[in-house]
Protein chains: 2
Amino acid sequence: MKNILFDFISKYVSLTEEEKNAIVSLDIFRSVKKGTTLLKEGQRSKDSYFVLKGCIRAYYVLDGEEKTTAFYTEMEALTPPSVISKTPSEYYISCIEDTILTVSNADMEIETNHKFPKFEMMCRMLSEELLAKQRMDFDEFKTSSPEQRYLNLIQKRPDLIQRVPQHQLASYLGIKPQSLSRLRARIFEKSKS
Amino acid sequence: MKNILFDFISKYVSLTEEEKNAIVSLDIFRSVKKGTTLLKEGQRSKDSYFVLKGCIRAYYVLDGEEKTTAFYTEMEALTPPSVISKTPSEYYISCIEDTILTVSNADMEIETNHKFPKFEMMCRMLSEELLAKQRMDFDEFKTSSPEQRYLNLIQKRPDLIQRVPQHQLASYLGIKPQSLSRLRARIFEKSKS
DNA sequence: ATAACTCGTTCACTTAAGTTAAGAAAAGGA
DNA sequence: TCCTTTTCTTAACTTAAGTGAACGAGTTAT
């Protein structure tokens with residue numbers, strides 16, 4: 001399990017055994033059951049997550065309705081905006097499947113970054129990369145229709161279609177469950193002819 | 001002009017006179033005329049921008065149509081995704097107004113970050129902050145209708161409504177210019193009654 | 001075993017965005 | 001100034017998403 005994390009880190013910086021041990025001794029590995037809520041609206045948390053195995057989702061509750069805005073699966077990292085802005089969380093994070101992840105808090109990271117400048121660099125590179133990736137996702141979302149978005153998702157994250165309930169996928173695509181259902185039927189009709 | 005940049009930096013780290021001089025000596029300040037294109041599709045650029053005065057926009061050309069996805073105004077920074085991913089740019093960046101900005105390239109930043117660890121930290125903090133901010137913008141976009149998005153824009157960036165042509169605003173909101181026009185008329189009708 | 005709930009689908013109807021086209025208003029260039 | 005181009009608006013029509021309701025299949029709880 002730890003190797004997944006170290007493999008990930010090695011994409012950015014190379015760690016000595018000593019540094020690896022330092023990480024392990026932080027005791028950040030957690031195993032959580034499907035359905036567990038990691039973060040609730042209104043909470044002031046300092047925790048960031050990195051998914052080793054499983055799937056977690058972020059969602060808002062607006063007018064009593066859940067609006068899912070993100071899924072994080074294997075090898076994906078998440079620091080909630082509320083942790084950065086030091087304000088109460090506006091959304092929920094919960095586990096769609098039994099999940100293994102690391103939980104690290106902001107204070108811990110400040111200390112680690114201070115001790116190992118290498119870490120500071122890794123965090124910078126990771127943030128820059130995620131920022132660029134998300135920028136592209138956002139642009140793609142803006143410039144395409146719900147149907148195109150769905151077809152896109154099939155290409156880019158086919159696993160999500162399998163492992164996530166459709167009504168959550170729908171709000172992830174910015175539409176209602178009924179519309180996703182209809183849209184899928186429409187695509188199926190087209191593919192037949 | 002330089003003070004705008006230093007004021008911005010001071011939100012993250014405090015600089016010594018020596019460090020300020022090091023920045024000035026990099027000769028990164030540029031003044032560009034309205035209409036200038038800073039980056040074209042297909043180009044391999046290493047440049048990042050920080051707007052001191054004016055406005056620049058990022059847009060794709062899809063099926064011969066411009067799709068505007070972002071505006072950057074005073075005190076906003078932009079590193080195109082293509083600079084991070086080291087691939088040819090997928091979009092254009094050009095100036096909507098006469099603009100004063102800083103242009104820094106990736107190699108230069110690596111050197112500066114190496115010389116001043118303070119910079120590395122600032123870049124990390126800035127990226128994290130932008131990532132969080134953009135995450136929230138994306139979520140808001142996903143969870144609202146074109147009309148809500150427009151009303152939102154009036155609240156959050158009223159200046160854009162004034163300084164940007166409507167057809168560019170429309171694609172920024174993910175709709176066609178005609179729809180924005182209609183939507184505005186609809187809002188106006190509602191406000192009367 | 002049955003009742004209650006969740007999930008996905010379908011349908012009829014409403015609402016709003018896309019499309020095509022035309023024309024007025026404003027901006028820019030010669 | 002006049003002409004051209006760009007920008008914005010309006011309108012009629014098409015297409016697709018939102019809404020409310022109903023239904024069956026599958027799951028969970030009692």
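Not measured: the values here are computed from a predicted model. Convention: sequence-line order gives letters A, B, ...; per-chain numbering from 1.
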Visitor: Measure from the side-chain N and O atoms of Asp98(A) to the backbone N and O of Lys34(A), and report whether any donor-acceptor pair falls under 3.5 Å.
Guide: yes

Visitor: At 10 degrees resolution, what angle do the end axes of the helix from dA1(C)-dT30(D) to dA30(C)-dT1(D) form when each is taken over five base pairs?
Guide: 50°

Visitor: Taking Lys142(A) for its side chain and Ser171(B) for its backbone only, find out whether a donor-acceptor pair lies under 3.5 Å.
Guide: no

Visitor: Side chains of Ser104(A) and Glu109(A): is there a donor and an acceptor less than 3.5 Å apart?
Guide: yes

Visitor: With Glu147(B) as reference, evaluate Lys190(B), Arg182(B), Arg184(B) under the salt bridge (Lys or Arg N to Asp or Glu O under 4.0 Å) test and give the passing residue.
Guide: Lys190(B)

Visitor: Taking only Lys NZ, Arg NE, NH1 and NH2, and the carboxylate oxygens of Asp or Glu, determine whether Glu140(A) and Lys156(A) approach each other closer than 4.0 Å.
Guide: yes

Visitor: Return the value, rounded to whole Å, for the distance between atom CD1 of Ile96(B) and atom P of dG28(C).
Guide: 14 Å

Visitor: Please tabulate, one pair per line, each protein N/O and nucleotide N/O from nucleotides 6-8 of chain D that are separated by under 3.5 Å, including the distance.
Guide:
{"from": "dT7(D)", "atom 1": "OP2", "to": "His167(B)", "atom 2": "NE2", "distance (Å)": "3.4"}
{"from": "dC8(D)", "atom 1": "OP1", "to": "Gln166(B)", "atom 2": "N", "distance (Å)": "2.9"}
{"from": "dC8(D)", "atom 1": "OP2", "to": "Gln166(B)", "atom 2": "N", "distance (Å)": "2.8"}
{"from": "dC8(D)", "atom 1": "OP2", "to": "His167(B)", "atom 2": "N", "distance (Å)": "3.1"}
{"from": "dC8(D)", "atom 1": "OP2", "to": "His167(B)", "atom 2": "ND1", "distance (Å)": "3.2"}

Visitor: Between the main-chain N or O of Tyr172(B) and the side-chain N or O of Arg149(B), is there a donor-acceptor pair closer than 3.5 Å?
Guide: no

Visitor: Grab the CG-C1' distance between Leu173(B) and dG18(C) for me, whole Å please.
Guide: 16 Å

Visitor: Between Glu19(A) and Thr16(A), do the side chains contain a donor N or O and an acceptor N or O under 3.5 Å apart?
Guide: yes

Visitor: For nucleotides 15-21 of chain D, give me every protein contact, N/O to N/O, under 3.5 Å, one pair per line with atom names.
Guide:
{"from": "dA17(D)", "atom 1": "OP2", "to": "Arg186(A)", "atom 2": "NH1", "distance (Å)": "3.0"}
{"from": "dA17(D)", "atom 1": "OP2", "to": "Arg186(A)", "atom 2": "NH2", "distance (Å)": "3.1"}
{"from": "dG18(D)", "atom 1": "OP2", "to": "Lys176(A)", "atom 2": "N", "distance (Å)": "3.2"}
{"from": "dG18(D)", "atom 1": "OP2", "to": "Ser179(A)", "atom 2": "OG", "distance (Å)": "2.7"}
{"from": "dG18(D)", "atom 1": "N7", "to": "Arg182(A)", "atom 2": "NH2", "distance (Å)": "3.0"}
{"from": "dG18(D)", "atom 1": "O6", "to": "Arg182(A)", "atom 2": "NH1", "distance (Å)": "3.1"}

Visitor: I'd like to know if Arg57(B) and Glu66(B) make a salt bridge, using a cut-off of under 4.0 Å between side-chain N and carboxylate O.
Guide: yes

Visitor: Rounded to whole angstrom units, what separation is found between the NZ atom of Lys142(A) and the P atom of dG18(C)?
Guide: 14 Å

Visitor: Any carboxylate oxygen within less than 4.0 angstrom of a Lys/Arg side-chain nitrogen, looking at Glu111(B) and Lys115(B)?
Guide: yes

Visitor: Measuring only between side-chain heavy atoms, which start at C-beta, is Ile9(B) closer than 4.5 Å to Ile23(B)?
Guide: yes

